[in-house]
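Before any comments, here is the structure.
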Amino acid sequence: MKTLRADLMVIWLVATTALCVGLLINQFRDTPLPLVYKDKAERLQDSVQRIASKESASAPAPMVHLPEKLSLEEFASYVENKRGLILDARPEIFHRLGHVPGALSLPRDDFEKGYAAVKAKLETDRSQPIVIYCSDASCEDSGLVKKSLAALGFSNLTLYEGGWNGWTNAKKPEETAQ
Amino acid sequence: MDKRKETGGNRAMRLFIQNRWFLPGLRLALGGVFLYAGTTKVIGPQAFADSIATFKMLPPQLINIVALGLPPFEILAGLMLVSGWNARAASLAVAGLAFVFGIALGQALIRGLVVDCGCFGSGEPSTLKTWGSFGRALLILAGSLWVFCMQDTD
């Protein structure tokens, strides 16, 4: 019994030390984790608000008729004809490993940095169609990025829900980052 | 006196368990697993916090605290098991963690939640992987309890 008590005391000390170490390491990160958790959508909304506060309001883009979602054939025609802008909402590392030809990286998990990198291309023509994809139909990243871009004043947005998995399963051409 | 005959398989298992290298080997294996698991999570606390959130067990006020505190705890427990310093206490801690992980994974399976275990960094959530993680938690629980019972006190 005495030994068990001593073991529990050691565990308590180790747990306290671990929490202190974890909190300390967090303070030295580029972007420390806040103490209260925010889900992916809330974090993205915060990023959009920060971007919007830095930018002046743009005139709404003229609407182009776009379906809510594209089929594989429709998406392939956008890619082959280099029509509009294709955005990859997956984490940047996956984009580097392989992406749809011509697609630019705008990762959901690092939206502010990604947006700054593609902003010039987005602003070239605000009426151009923008197609967003992520991994597959079960991933929510493309939908969240679409919402964020809509909040930033882009209106001609659509999704390719099949995503990277649908594209590669169909044996379509791939491109890797140089 | 009723003396049952020991089968070949049972004898091999008994000799394996009684081998003097079995306990240190088990400690090293468990310690290595927790050292690796803790290190992958220290690197990406946000991804680990997202994994914890998929279990829908903790309020937002606790998710990030656990995501920051648990990985160093796993690393320290892993180091203690590997080095043998307070290994009994470390094995009890690891058993506790495995028990909690098992409960978390089990309730996710019962509720039909598709979760990302986050045990070794983040990955694609899937039910099959959750079953695999559940089985692994049970194995770790059994192994750590064995170490706790067999390890001499420091």
Side-chain angles (χ1 to χ4, degrees), chain A residues 1-44 46-47 90-94 107-113 134-141 144 163-165, chain B residues 34 38-39 41-54 56 58-81 85-97 114 116 122-127 147-149 151-154:
Chain A
M1 197 62 200
K2 201 176 168 185
T3 327
L4 181 65
R5 199 179 300 153
D7 288 338
L8 290 173
M9 184 62 96
V10 170
I11 293 172
W12 186 81
L13 277 172
V14 171
T16 311
T17 310
L19 183 60
C20 294
V21 169
L23 291 170
L24 196 67
I25 292 173
N26 190 45
Q27 293 310 308
F28 291 100
R29 291 184 202 280
D30 291 341
T31 45
L33 213 59
L35 286 184
V36 178
Y37 175 76
K38 284 186 174 181
D39 67 24
K40 293 171 184 178
E42 288 171 327
R43 294 200 300 270
L44 196 55
D46 288 350
S47 299
R90 297 173 304 152
E92 206 261 338
I93 178 74
F94 294 122
R108 190 271 311 150
D109 65 354
D110 202 359
F111 187 81
E112 264 177 284
K113 197 174 154 197
C134 53
S135 306
D136 54 32
S138 70
C139 87
E140 54 185 355
D141 291 350
L144 290 172
W164 177 242
N165 293 348
Chain B
F34 272 76
T39 310
K41 284 181 275 210
V42 159
I43 295 165
Q46 185 64 73
F48 182 44
D50 286 335
S51 299
I52 296 171
T54 62
K56 299 184 195 298
L58 292 177
Q61 291 81 358
L62 284 181
I63 291 174
N64 281 2
I65 300 284
V66 173
L68 292 171
L70 186 59
F73 184 65
E74 288 183 336
I75 291 174
L76 288 175
L79 281 174
M80 286 162 73
L81 279 172
W85 181 74
N86 271 304
R88 236 177 77 93
S91 64
L92 186 60
V94 164
L97 286 179
V114 181
D116 168 20
S122 65
E124 288 292 314
S126 87
T127 308
V147 174
F148 178 71
C149 294
Q151 180 74 35
D152 294 331
T153 50
D154 297 287

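Only this structure's heavy atoms are used, side chains among them; waters, hydrogens and symmetry mates stay out. Naming convention: chains lettered A, B, ... in sequence-line order (proteins, then strands); numbering from 1 in each chain.
The shortest distance between side-chain heavy atoms of A:D7 and B:F148 falls below 4.5 Å. For the pair A:D109/B:Q46, no side-chain contact is recorded, criterion being any heavy-atom separation below 4.5 Å from C-beta on. Contact annotation: the side chain of B:I65 approaches that of A:L35 to within less than 4.5 Å [non-hydrogen atoms, C-beta and beyond].
Ranked by non-hydrogen atom pairs under 4.5 Å with chain A, the options B:V66, B:D50, B:L76 are led by B:D50. The candidate with the highest count of non-hydrogen atom pairs below 4.5 Å against chain A, out of B:G96, B:G38, B:P60, is B:P60.
Within the 4.5 angstrom heavy-atom criterion, only side-chain atoms of A:V10, from C-beta onward, approach chain B. Within the 4.5 angstrom heavy-atom criterion, no atom of B:P71 approaches chain A.
Expressed to the nearest 0.5 Å, how far CG of B:L58 lies from OH of A:Y37 amounts to 11.5 Å. Atom-to-atom distance recorded for B:R88:CZ and A:I11:CD1 is 9.5 Å, nearest 0.5 angstrom. One finds the NZ atom of A:K38 at 13.5 Å from the CD1 atom of B:I63 (value rounded to the nearest 0.5 Å).
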Run the side-chain donor-acceptor check on residues 21-28 of chain A: report pairs under 3.5 Å with partners two or more places apart or on a different chain.
residue : atom : partner : partner atom : Å
A:N26   : OD1  : A:L33   : N            : 2.8
A:N26   : ND2  : A:L33   : O            : 2.9

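When all heavy atoms of A:V14 and B:M80 are compared, the closest pair comes out as CG2-SD, 3.8 Å. The shortest non-hydrogen separation linking A:A18 to B:G69 is CB-O, 3.7 Å.
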